[in-house]
Each structure stands twice: as C-alpha cells, then as structure tokens.
Undergrad: 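Can you keep this structure in mind? I'll have questions shortly.
No hydrogens, no waters, no symmetry mates; every other heavy atom, side chains included, goes into these values. Letters A, B, ... are given to chains in the order of the sequence lines, protein chains preceding strands, and every chain is numbered from 1.
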There are 2 protein chains.
Amino acid sequence: MTLKLDKVNRGPHLSTLVASSISREIAQGRLKPGDQLPTEQALATTFGVSRNVVREAIARLRSEGRIWSQQGRGAFVADATNATVLTIDYETLQRADSFRNLFELRGMLEVQIAALAATRRSDADIEAMEQALDGMRTAPYGSVAWLKNDLGFHRAVAEATRNPYMGQFLVFVSERVRESILAAGNQQKSDDMARTTLGEHERILTAIKAGDAKGASAAMTRHLAGAASRVGLPGGDAEAASPARHSRLRKAMRGRAAG
Amino acid sequence: MTLKLDKVNRGPHLSTLVASSISREIAQGRLKPGDQLPTEQALATTFGVSRNVVREAIARLRSEGRIWSQQGRGAFVADATNATVLTIDYETLQRADSFRNLFELRGMLEVQIAALAATRRSDADIEAMEQALDGMRTAPYGSVAWLKNDLGFHRAVAEATRNPYMGQFLVFVSERVRESILAAGNQQKSDDMARTTLGEHERILTAIKAGDAKGASAAMTRHLAGAASRVGLPGGDAEAASPARHSRLRKAMRGRAAG
DNA sequence: TCAATCAGGGTTGTATGATAACACGACAAG
DNA sequence: CTTGTCGTGTTATCATACAACCCTGATTGA
C-alpha cells in the first residue's frame, strides 16, 4: 500500500506528482482536449495513491483551467486556450535558454513600460521611484534590501503607466528571471556594479520625470543591456526591444530639466 | 450551511469557494505574508465543510504559490512575489477599464513581437502564417473558424520570434481580451470588417516575409488600432506602443518585394 | 548548571470507507 | 415514438483513522 513513489523522498506532495504527471500527459498530447480522464478510482489505483490525493490533483488542474469535471459524468481535458492561469513550470525554468528568453520578454515589457510611464506618471509615482532609489543607495549591492528596492523601483515605473496589468506581468516575469538567475548561480558582485546600476536607474527616473518617453525607453534599454552583461548574457540582446535607438535621442534628452 | 452561491461563481465546488475565500483574505491584507493559517480542522468547522474540502482548497492555493505548508507545522501565507502563476480573476475582467488595459498590454506585446518575428522568422513560420490567413479567407467573419485562424496567425507570428514565452504570454493575454469582449458583448460585424482585417494581416505578413522589422511593427500597430476601433475603443490608443511611427517607415517599406 | 534525550500533544499528509448528487443508458408502459 | 422509472457508474462530500513530522517541555545524565 505504501509505495512512496520510489523516486524522490525530497518530493513534494503526492498530489503534486499526480498533477504534474497528468499535466504532462496533456502537454505531450497523449490526452487531447475533449478526452475523458480515467475515473478517480482508476487513477488512484494506477498511481498507487488514495483517491483523496487524486482529487487534490484534479482540483489543482481544474483551477488552472486544464481540465473540467462534472458530477456524475467525469473529468475532461479542456481546450488549451481555456487556461485561466499563466504558469512557467519549474523544469523549463532550469533550462539555459529559458533565462535568455525570459530576459528578452522582460526587456520587451520594460522598455515599453518606461515609455508609457514617462507620459502618464503622477507626482506620487515619482515619489515612489525616488524612495526606492534611496533604499538602493543605503543597502549593500545584492543584499535582500537592495533587491527589494530594485524590484520596487521597476514596479513603481510599471504602476506609473496607470495600467495595473503592466505591473502584474512585469513583476511576474521579473521574479521568474530572478529565480532563473539564482538557479544558474553565476552572479558576481562588485562596488562598480552598484554604482553603475544606480546610475542607470537615475537616468531612467530623470527621463520619466521630464516626461520624455523616448529618453525613458532608451535609458531602460541601456539599463537592461547592462543588467544582461552583469549576469553573463551577451549585452546587445535587448536590441530588438528598443524602439528609439538610431534616432536622435540626444536631442530629446537635451535641454530638459533634471528636476 | 454554506450558501451554494446562487450565481454560477466559476464552479460549484465547495473547495473553490473555500479557496477564493482564503484568497480574498490574503488579497485584502487580513492575512499577511508569514501569518499562519488556521488549522485545517478549524477551517473545516468555520466553513462548515469537511477537512477534505479544505485540503483541496489548500492544495490549490499552494500550487498557485500563495501559501506554503509543512507537515507537522501548519500552513503559512507566502510572499506575494512567490506566486508561481499569473492569474487574472474573473471579477476584475468584467470591469470596463480592464478591457482597455488588457488591450493596451496586448498591443505592447504584439508590436514588439512583430518586429522580432521579422528578423527571426523561418520558412516554416511563414508557411504557418499563410495557412492561417487562408483559413481566415474561407471562413465567415466572426465565426469560430475565423477566430481560430485569427489567433493562429498571431500565434504563428509569436512563434517566429523563437522565444516560446512570447507565444505563451500573447495567447494568454489575447484570450483574456477575447473573454472581456464577449463579456461586454458589443461587437458588430460586417463584410467590410472582414476585408479590412484580412488586409491588415496581409500587410503584417508581407513585412515579416521581407524581414522588415519596422514595417512589421508598424503594420501590427495599424492592425491593432483597427481592431480597437472595431470593438468600440478609441483607436489611437496603441500609440505609445508604436516604436516606429514618426520615422520614415515608408522608406523601409519601399522597394521590398511583396512575395 | 548545562546539554542531550525522550515523551507527548498538535498539525499536516495519506488512506479507507461510506453517502449524497448527478448523468446516462436500458427498459418497460403508454 | 414518447415518457417515466430504475439501475449503474461517476463525481462531490463527509467522517474517521493512522502515519509522518514539528515543537515544546520534562527528564535524565554529566
């Protein structure tokens, strides 16, 4: 009876294993949309767990929109587009190219967000950004407090867009990127990096303060390129995400008050 | 005992009600990160359900990263940044401004995706786009087949970026936008719209074929502006998401083969 | 005094059986 | 052909029991 699923003792709950197992069947196409899943009883016996565990797994998949179930009928695989949540599973996150791809996506979001923020920011937004910058100045580079204020700055920029989804998506992607960095474990820190990073942030803030959309996106592009090289990524990667690049941003950044 | 919740609130399961109830407590700050949840037994009695139902709710919240639990200790509220899934709850989706905000986010993604796709597309990607366009040509405007191919086109563009997250995010956001449109229920269709929409898609494809990043993003911007006005949104909204606007895209689009 | 050990209660994780609600097909009655 | 009933299978929920684990505090030994 107690089969413990030989694999991992470190393993999470049995319901998680069952859920990801079913999830994999769906992802790999062995269970197509509309197909009926085996009965809970059958799943329980095939996995060697209790029906309760199977139900917890089912509940989880149902909440993710991957399957739907009806009392008296059974459980069925839902259409892929019906997924109500966006999730990046842990295994994929570990792969090397995931990091690069996530970073690219993040850059895409951030550069646009910076431009939008420059046109819509309020005084309270500026206040929040400056507060986050102050927090970064007083915390040692790479510390928890530093990271918290770093994320706080970017979130403040996102919230200045007056579009709550911007912040929601950006924070989500940024956290995945951070997880990926931690998984790779290849970061080295120096005092130079702290100064450089702070300077990049300040340039972003200056442009946003001035209402300079192109300058803000340009500054953000440079910041992301710097961050990329800081974590060991070819720096010029965010290029395609930079809208105002070849054009005359110097003109846009000239003659504007630093505030 | 427990209110059956007359409105069809996303699922008649008790575990769903319990999960959203706890989730609300967290969202409204009555349960702060680090706080310990009541014991499963206590939750069961307060909600008037069995401990099994509570466990299904807990499993769901745990899979979303909202709480974490350890055997023998209890369940605790996790940091907000630890959420492993991105979810847009149904209530927020119904609000009027959600539609506008989601559409803006989608535009932001798509315009950049189009530019990237133009520089990275393969022959197979072009093939997929053309196939989707053919599907749109033969299906009546607004039909299920039409919508399916429409989404297929945009997904093909996203997949041409060689970054799987692009497609993942885009499809997710697009589906939420579609849900929001359906919830509002204010779309009217005509033959003109079909032709216009098809033309916009064709221009996008032409630019991507030619490897013209700026042309692709410009065409996508125009398409999104058209789509916005088609669903009753002020058309100029995607402006900030348009990188190549004032600059000379005519020059970029000149002298390139239509394919 | 101090440290290690151990026993006990509390909590989550899992197993098991039972009951209620519901869907669907078979089948008989009209 | 239609309708109503019933039996079977499935999910939804309940209830209980045990196992695994954490924490605390008392006991024990030096």
Undergrad: List in numerical order all residues of residues 63-74 of chain A for which some heavy atom is under 4.0 Å away from an atom belonging to DNA chain C.
TA: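 Output list: A:Q70, A:Q71, A:G72, A:R73.
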
Undergrad: Starting at CG of B:L14 and ending at C1' of C:dA20, how long is that distance when rounded to a whole Å?
TA: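 Value for this atom pair: 12 Å.
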
Undergrad: If I take atom CG in residue B:L37 and atom P in nucleotide C:dG13, what distance separates them, rounded to the nearest angstrom?
TA: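 The distance from CG of B:L37 to P of C:dG13 comes to 12 Å, rounded to the nearest Å.
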
Undergrad: How many whole angstroms separate atom CG of A:N52 from atom P of D:dC14?
TA: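 Distance check: A:N52 CG to D:dC14 P gives 12 Å.
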
Undergrad: I'd like to know whether CD of A:Q131 has more than 12 heavy-atom contacts from other residues, nucleotides or ligands below 6.0 angstrom.
TA: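 12 or below, so no.
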
Undergrad: In this structure, how many angstroms lie between the C1' atom of C:dT12 and the CZ atom of B:R62, rounded?
TA: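 Distance, rounded to whole Å: 9 Å.
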
Undergrad: Looking at B:R162 and B:D125, is there a salt bridge between them, counting it only when a charged N and a carboxylate O are closer than 4.0 Å?
TA: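 Yes, this pair counts.
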
Undergrad: Starting at atom CD of B:E40, determine the distance to atom P of C:dT14, rounded to an integer number of angstrom.
TA: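 Interatomic distance, CD of B:E40 to P of C:dT14: 11 Å.
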
Undergrad: Does a nitrogen or oxygen in the side chain of A:S50 sit under 4.0 Å from OP1 or OP2 of C:dT14?
TA: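 Indeed not, no polar side-chain atom of A:S50 lies that close.
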
Undergrad: Rounded to whole angstroms, how far apart are CZ on A:R55 and P on C:dA15?
TA: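 Between P of C:dA15 and CZ of A:R55: 15 Å.
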
Undergrad: Please list every donor-acceptor pair under 3.5 Å in which a side-chain atom of residues 46-57 of chain A meets a protein atom from a residue at least two apart or in another chain.
TA:
unit_1 : atom_1 : unit_2 : atom_2 : d
A:T46  : OG1    : A:A42  : O      : 3.2
A:T46  : OG1    : A:L43  : O      : 3.0
A:S50  : OG     : A:N52  : N      : 3.1
A:S50  : OG     : A:V53  : N      : 3.4
A:R51  : NE     : A:E40  : OE1    : 2.8
A:R51  : NH2    : A:E40  : OE1    : 2.9
A:N52  : OD1    : B:N52  : ND2    : 3.3
A:N52  : ND2    : B:N52  : OD1    : 3.3
A:R55  : NE     : B:E56  : OE2    : 2.8
A:R55  : NH1    : A:E40  : OE2    : 2.8
A:R55  : NH2    : B:E56  : OE2    : 3.3
A:E56  : OE2    : B:R55  : NE     : 2.8
A:E56  : OE2    : B:R55  : NH2    : 3.4

Undergrad: Suppose we call a contact any N or O donor and acceptor under 3.5 Å apart; does that hold for the side chain of A:R51 and the base of C:dG17?
TA: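 Flag unset: no donor-acceptor pair detected.
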
Undergrad: Between atom CD in B:E56 and atom P in D:dT11, what is the gap in whole Å?
TA: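 Answer to the nearest Å: 12 Å.
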
Undergrad: Tell me, please, whether A:F153 has A:R155 positioned over its six-membered ring: NZ or CZ under 6.0 Å from the ring centre and within 45 degrees of its axis?
TA: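 No.
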
Undergrad: Tell me: CD of A:Q41 to C1' of D:dT8, nearest whole Å?
TA: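 Going from A:Q41 (CD) to D:dT8 (C1'), I get 15 Å.
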
Undergrad: Within a reach of under 6.0 Å around CD of A:Q36, are more than 12 heavy atoms found that belong to other residues, nucleotides or ligands?
TA: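 Yes, because the 6.0 Å sphere around CD of A:Q36 holds more than 12 heavy atoms from other groups.
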
Undergrad: Salt bridge check: are B:R178 and B:D150 linked by an N-O gap of less than 4.0 Å?
TA: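 Result for this pair is no, no salt bridge flagged.
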
